[in-house]
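Here is the structure we will look at, set down as structure tokens.
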Amino acid sequence: MKDALSKYIRAADYLSAIQIYLQDNFLLEEPLTADHIKARLLGHWGTCSGINFTYAHLNRAIIEHDLDMLFVLGPGHGFPAIQANLFLEGTLSQFYPRMPRTEAGISHMAGQFSWPYGFPSHSNPEAPGVILEGGELGYALATAYGAILDNPQLIAACLIGDGEAETGPTATAWHANKLVDPATNGAVLPILHLNGYKISGPTIYGRMSDEELTALFTGYGYEPHIVDAYEEDDVHGRMMTALDEAVASIRFTQHVAREGNLQKPPCWPMIILRTLKGWHSIKELDGKRMVDNHASHQVIAEFAKTKPNHLEALRDWLTSYHFEELFDGEHFIPEIESLVPRPERRMGNTTHARGGAPHYQKLVLPDPSAYSATNTCNLDDPICGMESSMERIGAYLRDMMEQNADRRNLRLMSPDETYSNKIHAVFEYTTRSFVWPLRPWDKDISRDGRVMEMLSEHTLQGLLQGYILTGRHGLLVSYEAFAQIVASMTDQYAKFLKIARQVPWRGATASLNYILTSTGWRQEHNGFSHQNPGFIDGVLQRQSDFTNVYFPADANLAVAAFARMMASEQEINVMVCEKRPLPIWRTAREAAKDIEKGIAIWDFASDDDPHMVFASAGDYPTQETLAAMSIVRSELPAFRMRYVNISALSGGGLGNSEHLVLRHEFADYFTEDKPVRINFHGYPQTIKQILFDYGGDSSRFTVHGYEESGSTTTAFDMMVRNHVDRYHLAMEAFAIAEHARVISAQDAKRLKDVYESKLQEHRDYIIEHGDDPIEITNWSWQSR
Ligand SMILES: Cc1ncc(C[n+]2csc(CCOP(=O)(O)OP(=O)(O)O)c2C)c(N)n1
Ligand SMILES: [Mg+2]
């Protein structure tokens with residue numbers, strides 16, 4: 001077996017290396033010359049040998065123990081190794097007939113690696129078995145944990161770079177073990193790859209002693225197995241034992257838990273694998289240490305095309321594998337074949353990483369209209385009562401969880417905010433997951449809950465990505481300001497999704513859904529640090545047709561938007577809404593229609609043939625806009641206004657991505673030539689850049705939004721400071737009325753003075769009383 005492992009690894013190392021260097025003579029049938037070397041050498045060799053070692057050993061364990069295993073690679077720059085293994089196990093040729101397991105296949109794979117319009121240099125969605133690109137390091141461990149949730153038979157082997165392990169997201173993801181109930185979930189097998197180096201220096205973990213590492217990871221709740229290629233004479237024997245023990249330990253823990261006998265927190269195995277960076281390659285070049293040094297991170301012998309000594313070193317290195325002993329041009333030797341698992345067990349061929357059947361199933365969705373706030377109040381007017389969007393969503397989510405209980409395919413990720421964000425109705429059905437000790441007074445928490453709470457947005461996002469890409473559903477609910485912490489992860493995910501959507505063999509997956517609440521407009525008590533609507537910018541910048549941001553102005557719109565998000569596939573959706581009670585403007589039926597298009601003229605607030613258009617996106621901005629329109633109507637009954645509610649923006653424009661407002665439809669909402677005032681939830685620039693694409697005379701548009709003016713103050717003052725309040729908006733309407741000759745300059749000036757002094761009075765009032773006056777907080781719309 002050890003001999004077979006060595007040979008498999010030799011073949012994988014060779015197939016990895018030639019991808020980086022060769023454009024011809026892939027089997028070294030003639031002596032290597034400069035002509036055979038690619039013009040640009042792009043790739044990362046150093047990590048590949050450790051990946052190949054690990055993959056070979058995992059294959060051995062899969063075959064021996066009949067494991068259902070998924071491989072999550074942290075350092076995605078080791079893609080040549082992934083591709084080499086996919087080739088060896090036959091998955092690549094299965095998905096890409098242009099890469100048969102023959103000389104022609106090898107030529108295609110190697111020649112197209114890091115080649116324009118060929119294969120990317122990093123892990124990517126076009127590669128079977130991949131659910132993480134690993135370009136931006138740090139997310140592998142959390143992703144692996146997400147994959148095994150509610151997959152009781154699955155083991156996710158997760159290879160983590162020692163540089164990667166220095167990242168914040170990896171540091172926190174170790175603790176995901178405390179949220180995973182062995183009775184109902186699968187297991188992650190972390191393999192910490194200590195090749196000792198990152199790009200240009202030693203790693204922290206690489207220089208820690210075995211004792212320090214053991215103490216650290218034991219404290220984290222793991223049982224570390226150290227496999228040390230420096231020390232061991234028999235590194236294969238040691239790795240085989242480590243893996244066998246790890247598998248036995250995982251199965252034992254799961255068995256005990258599944259029998260209902262888990263008495264203490266489970267202790268999961270992990271492997272700490274010390275290898276030599278750039279293992280089995282050029283030891284020294286130009287007087288510089290290569291193997292076992294950071295110098296082997298990227299391309300070694302980088303001047304092979306131009307410098308004879310580099311070419312010679314490369315020739316010696318590649319021939320040292322004696323690939324001709326392992327592959328005869330058509331077949332790999334039987335020892336190598338003996339390490340290829342049966343097709344369903346191959347890590348590249350796992351159905352878990354592919355979306356669609358059999359793992360992905362659409363959610364059963366409750367009827368949103370049953371959660372309509374208007375069901376419980378009985379006014380003729382569409383505006384009735386005050387409702388919290390988040391409480392309604394909590395109730396809807398609770399029932400959605402219950403209706404999908406049998407499938408166990410829906411989870412809520414929450415950074416310690418399920419209560420704070422007012423979705424705790426879910427606790428009427430489920431709990432938070434926690435397998436470490438509980439106290440009798442702990443509430444809404446048990447070993448097996450649908451809610452993953454941990455104060456790490458990074459870990460939660462990683463869990464969600466892993467969960468969704470393995471065919472399940474979920475959402476992350478966050479304070480609006482702190483979603484920024486994972487903005488870059490969202491960005492990376494968007495890149496993955498953009499490509500994955502075009503890969504024919506990748507089936508449907510649920511959308512990545514966020515609810516951002518505790519929004520900046522109502523963080524007047526927490527102050528400036530909590531006021532940041534910027535997360536949506538990155539999402540909208542994607543310029544793609546699969547990103548949506550919803551701004552429901554009331555609870556009915558919020559439930560309608562949420563239902564659409566949870567039903568959608570392969571999108572990124574963000575809903576921004578407040579948790580405090582706000583007026584209801586739309587019936588359930590109107591809400592469903594509004595959300596379908598993402599934009600609507602609200603008739604109850606609109607006049608025919610308007611002098612101007614008011615529009616808004618967001619709950620507080622909408623309330624202020626409608627309050628401003630009330631003021632203007634009471635002062636100037638002859639002035640005609642239209643109100644347009646924007647409930648969705650997408651990467652492609654106004655409205656949601658399915659029903660974008662097209663250029664020729666723009667005037668249906670905003671008229672051809674009338675002044676438009678938009679009151680926006682986020683930074684004004686965010687919506688301005690979308691309007692730009694609709695062309696026309698931009699000078700008639702003015703956008704107000706969050707101008708980065710915040711502090712600890714009152715709710716209304718937050719809006720005043722940023723000019724989205726009713727008084728500022730009303731004053732703008734007076735100026736427009738004057739311009740439209742509805743009122744005289746004198747009257748316009750008088751009205752402006754009245755509302756300027758109202759602003760001053762408000763300021764004096766809050767400084768004296770510490771809160772907004774009742775006429776502001778208790779304002780309600782009066783139907784005309
Ligand atoms: C978050 C992040 N920061 C920086 C980089 C740039 N980078 C690419 S590879 C690398 C070193 C990775 O070292 P390690 O995780 O030990 O990987 P390996 O040694 O296995 O190549 C760095 C810093 C990155 N890809 N992601
Ligand atoms: Mg490293």
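Each ligand, and each atom within it, is numbered from 1 in the order the structure gives. Along the sequence shown, the residues carry numbers beginning at 1.
Protein heavy atom closest to atom 15 (O) of ligand 1, with residue, atom name and distance, is Glu164 N, 2.8 Å. In terms of protein heavy-atom proximity, atom 25 (N) of ligand 1 is closest to Gly135 O, 2.7 Å. Among all protein heavy atoms, the one lying closest to atom 17 (O) of ligand 1 is His77 NE2, 3.6 Å. Closest protein heavy atom to atom 2 (C) of ligand 1: Leu137 N, 3.7 Å. Distance from atom 7 (N) of ligand 1 to its nearest protein heavy atom, with residue and atom name: Ile199 CD1, 3.5 Å.
Between the side chain of Lys305 and the backbone N or O of Ile37 there is at least one donor-acceptor pair closer than 3.5 Å.
For ligand 1, the atoms lying closer than 4.0 Å to a non-hydrogen atom of Lys277 are 18 (P), 19 (O), 21 (O). Of all the atoms in ligand 1, the ones that sit under 4.0 Å from a non-hydrogen atom of Glu136 are 1 (C), 26 (N). Atoms of ligand 1 found under 4.0 Å from any heavy atom of His297, numbered from 1 in the order shown, are 9 (S), 11 (C), 21 (O). Distances below 4.0 Å separate heavy atoms of Tyr197 from the following atoms of ligand 1: 16 (O), 19 (O).
Below 3.5 Å of separation, one finds no N or O of Lys198 facing any N or O of ligand 1. Considering backbone and side-chain atoms alike, Gly163 places an N or O below 3.5 Å from some N or O of ligand 1. An N or O contact shorter than 3.5 Å links Thr47 to ligand 1 by distance.
Leu476 and Pro415 get closest at one heavy-atom pair: CD1-CD, 4.1 Å. Of all heavy-atom pairs between Ser249 and Cys267, the closest is OG-O, 4.1 Å. Between Pro128 and Phe95, the shortest heavy-atom distance links the atoms CG-CD1, 3.6 Å. Among all heavy-atom pairs drawn from Met1 and Met240, the shortest one is CG-CE, 3.6 Å. Across every non-hydrogen atom of Thr203 and Tyr197, the tightest pair is CG2-C, 3.4 Å. A pairwise comparison of heavy atoms in Ala147 and Leu70 identifies CB-CD2, 3.5 Å as the closest pair.
With hydrogens and angles left out, the side-chain atoms of Gln83 and Gln19 include a donor and acceptor closer than 3.5 Å. Residues Asn52 and Arg10 bring no donor and acceptor atom of their side chains to less than 3.5 Å of each other. Using modelled atom types and a 3.5 Å distance limit, the side chains of Tyr683 and Asp537 yield no donor-acceptor pair.
Distances from atom 11 (C) of ligand 1 to the protein include at least one heavy-atom value under 4.0 Å. Protein heavy atoms are found less than 4.0 angstrom from atom 19 (O) of ligand 1.
Ligand 1 lies out of reach of Thr167, whose nearest heavy atom is not under 4.0 Å from it.
A 4.5 Å side-chain heavy-atom check between His310 and Leu285 finds at least one atom pair inside the cut-off. Looking at heavy atoms from C-beta onward, Pro190 lies out of side-chain contact with Ile271 at the 4.5 angstrom threshold.
Neither the backbone nor the side chain of His44 comes within 4.0 Å of ligand 1, counting heavy atoms alone. Contacts with ligand 1 closer than 4.0 Å are made by side-chain heavy atoms of Asn195 only, the backbone lying farther away.
Excluding water, every protein N/O/S atom under 2.8 Å from the Mg ion (ligand 2) is given here by residue and atom: Asp162 OD1, Asn195 OD1, Tyr197 O.
The number of heavy atoms from other shown groups lying within 6.0 Å of NZ (Lys178) is above 12.
Between Arg60 and Asp244 there is a salt bridge, since at least one side-chain N of the basic residue sits less than 4.0 Å from a carboxylate O of the acidic one.
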